[in-house]
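Please read the structure below before turning to the comments.
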Amino acid sequence: SKPLSARLKPFIRNHSGVRICVIFNPVARGNKARRFRGRFAELSQQCALKATTAPGDARRFAQAAVATGYDVIVAAGGDGTVNEVLNGIGDEPDGFQRTRLGVLPLGTVNVFARELKIPMRLEHAWKMLKRGNETKIDLGRADFFEDGKPQQRYFMQLAGAGLDARAIELVSWKLKKSAGPLAYVVAGLQALAEKQPLLSVRADGEKLDGELALFGNGKVYGGSFDIFPGADLRDGLLDICVFPKVNTASLLGLVPGFIVRRKLPEKRVRRLRVQRFELKSAGPAAFELDGEWAGHLPAPFSVAREK
């Protein structure tokens with residue numbers, strides 16, 4: 001049979017006159033994804049559905065949807081899918097002014113949806129989206145080179161370099177599909193066994209060195225962990241959290257605070273809050289955006305203000 005995306009009408013207008021395109025990974029795991037697949041027939045009467053088949057599809061579909069004139073482009077998936085759709089909208093000239101991003105949280109963690117208090121139940125999230133609830137936020141931006149070519153990517157919630165990005169880089173696609181979140185645990189242990197490169201954050205005349213750097217546009221990381229308690233999606237600033245050392249002993253020292261308060265012990269980290277900063281490394285080091293591997297350092301990071 002033909003792929004789902006080929007069977008759908010290219011342009012559908014719902015009862016309110018708003019043109020909606022939903023971009024969805026048909027092999028997404030979990031009960032929420034299965035329920036979503038069960039509603040394909042119903043949803044296809046209200047919007048266009050675009051099913052991805054490979055990494056990068058969501059970004060390409062989103063750019064095409066902006067160019068075609070959709071009013072709302074919905075990312076149905078986890079934070080990685082949302083990030084791809086976001087960047088696809090940004091790839092089209094004036095994309096952020098011409099369309100709106102919607103989110104149906106079908107992933108395992110859904111950090112961005114939790115930050116915005118989007119309901120985790122599909123039915124409730126869809127009703128909120130159909131009501132047209134809207135908010136404006138800042139976007140984080142990374143400018144970097146990959147394979148000698150200049151790249152620019154946006155992120156909504158968080159980014160990081162060091163251990164977490166290396167773990168994401170090491171995750172086997174096959175293991176991720178079969179084991180889900182456990183794949184990241186395995187990759188994290190593998191990354192922890194490696195020598196950690198020294199990272200340097202430079203901003204506003206200050207310099208922070210460490211082996212793990214996390215930076216947030218929003219407050220939470222990894223679900224409900226309040227890593228960036230002072231962060232605000234609309235303040236025009238990125239919150240930086242640097243861990244001087246990353247090894248088994250240092251990570252175990254963070255556990256009590258996480259268990260009791262779900263926060264970091266402040267004496268173990270260093271912080272900055274800035275509009276722009278440079279991140280470099282003494283050796284090869286990857287960085288991630290919204291939980292997805294993005295590229296390698298060095299890179300400047302900045303804020304694109306909401307308007």
Side-chain angles (χ1 to χ4, degrees), residues 20-39 43 49-52 55 57-59 61-62 72-89 100-131 133-135 137-140 153-160 164-165 167-168 171 176-177 179-185 187-188 214-229 231-233 258 262 288-294:
I20 300 176
C21 177
V22 177
I23 298 172
F24 172 63
N25 178 0
V27 297
R29 294 165 51 89
N31 292 329
K32 287 184 290 186
R34 283 192 289 273
R35 288 198 300 272
F36 183 86
R37 287 192 290 270
R39 296 189 61 188
L43 290 175
L49 293 174
K50 298 294 183 182
T52 64
D57 277 357
R59 184 170 182 171
F61 289 167
V72 179
I73 304 172
V74 179
D79 292 297
T81 300
V82 179
N83 184 273
E84 274 203 39
V85 172
L86 171 80
N87 279 281
I89 294 173
R100 299 293 181 265
L101 170 67
V103 177
L104 289 177
L106 303 184
T108 303
V109 183
N110 305 298
V111 180
F112 182 62
R114 293 179 188 277
E115 179 82 24
L116 290 183
K117 295 180 172 53
I118 295 173
M120 292 296 109
R121 290 190 60 179
L122 173 61
E123 296 81 3
H124 295 167
W126 182 249
K127 287 180 181 178
M128 175 181 282
L129 191 150
K130 294 293 291 296
R131 285 198 301 267
N133 295 46
E134 182 179 317
T135 187
I137 66 168
D138 302 329
L139 294 177
R153 279 187 62 179
Y154 294 99
F155 61 97
M156 305 156 299
Q157 181 69 19
L158 56 90
D164 73 328
I168 291 168
V171 167
K176 179 180 177 181
K177 293 303 177 185
L182 181 60
Y184 292 98
V185 176
L214 303 177
F215 16 105
N217 191 29
K219 297 179 184 296
V220 296
Y221 174 96
S224 57
F225 294 110
D226 195 4
I227 300 294
F228 312 103
D232 186 328
L233 289 166
F258 265 5
R262 304 188 75 80
E288 54 89 3
L289 304 176
D290 290 323
E292 294 292 311
W293 184 88

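These figures come from a predicted structure and were not determined experimentally. What's counted below: heavy atoms across the whole structure, side chains too, no hydrogens, waters or symmetry copies.
Two residues are said to be in side-chain contact when any heavy atoms from C-beta on lie closer than 4.5 Å; Val85 and Val103 fail this criterion. Side-chain contact check for Ile118 versus Leu129: every heavy-atom pair is 4.5 Å or farther apart. Proximity of Ile20 to Lys130: side-chain heavy atoms (C-beta onward) are separated by under 4.5 Å at one or more points. Side-chain contact check for Asp79 versus Gln157: every heavy-atom pair is 4.5 Å or farther apart. Leu86 has its side chain out of reach of Phe112: every pair of non-hydrogen atoms, C-beta onward, lies at least 4.5 Å apart. Between Leu214 and Leu158 the shortest side-chain heavy-atom distance does not fall below 4.5 Å.
Considering CG of Asn217 and CG of Leu139, their distance stands at 7.0 Å, rounded to 0.5 Å. Between the CZ atom of Arg153 and the CG atom of Asp290 there is a distance of 8.5 Å, given to the nearest 0.5 Å. To the nearest 0.5 angstrom, Asp57 atom CG is 10.5 Å from Thr81 atom OG1. Here the straight-line distance linking atom CG of Asp138 with atom CE of Met156 works out to 13.5 Å at 0.5 Å rounding. Atom CD in Glu123 sits 10.5 Å away from atom CG in Leu104 (nearest 0.5 Å). The CZ atom of Phe155 sits 14.5 Å away from the CD atom of Glu292 when rounded to the nearest 0.5 Å.
The heavy-atom pair separating Phe24 from Leu106 by the smallest distance is CE1-CD1, 3.4 Å. Closest heavy-atom contact between Val22 and Ala76: CG1-CB, 3.9 Å. Contact record, Phe215 with Phe228: C-CZ, 3.6 Å, taken as the closest heavy-atom pair. In terms of heavy-atom proximity, Pro119 sits nearest to Pro105 at O-CG, 3.3 Å. Nearest heavy-atom pair across Thr52 and Ala58 is CG2-N, 3.7 Å. Taking each heavy atom of Ala113 and Met120 in turn, the nearest pair found is CB-CE, 3.6 Å.
The closest donor-acceptor contact from the side chain of Lys219 to the backbone of Pro229 lies under 3.5 Å. For the pair Glu84 (side chain) and Pro55 (backbone), a donor-acceptor distance under 3.5 Å is absent. Arg114 contributes a side-chain N or O that, together with a main-chain N or O of Val109, makes up a donor-acceptor pair within less than 3.5 Å.
There is a side-chain donor-acceptor pair under 3.5 Å between Asn87 and Asn83.
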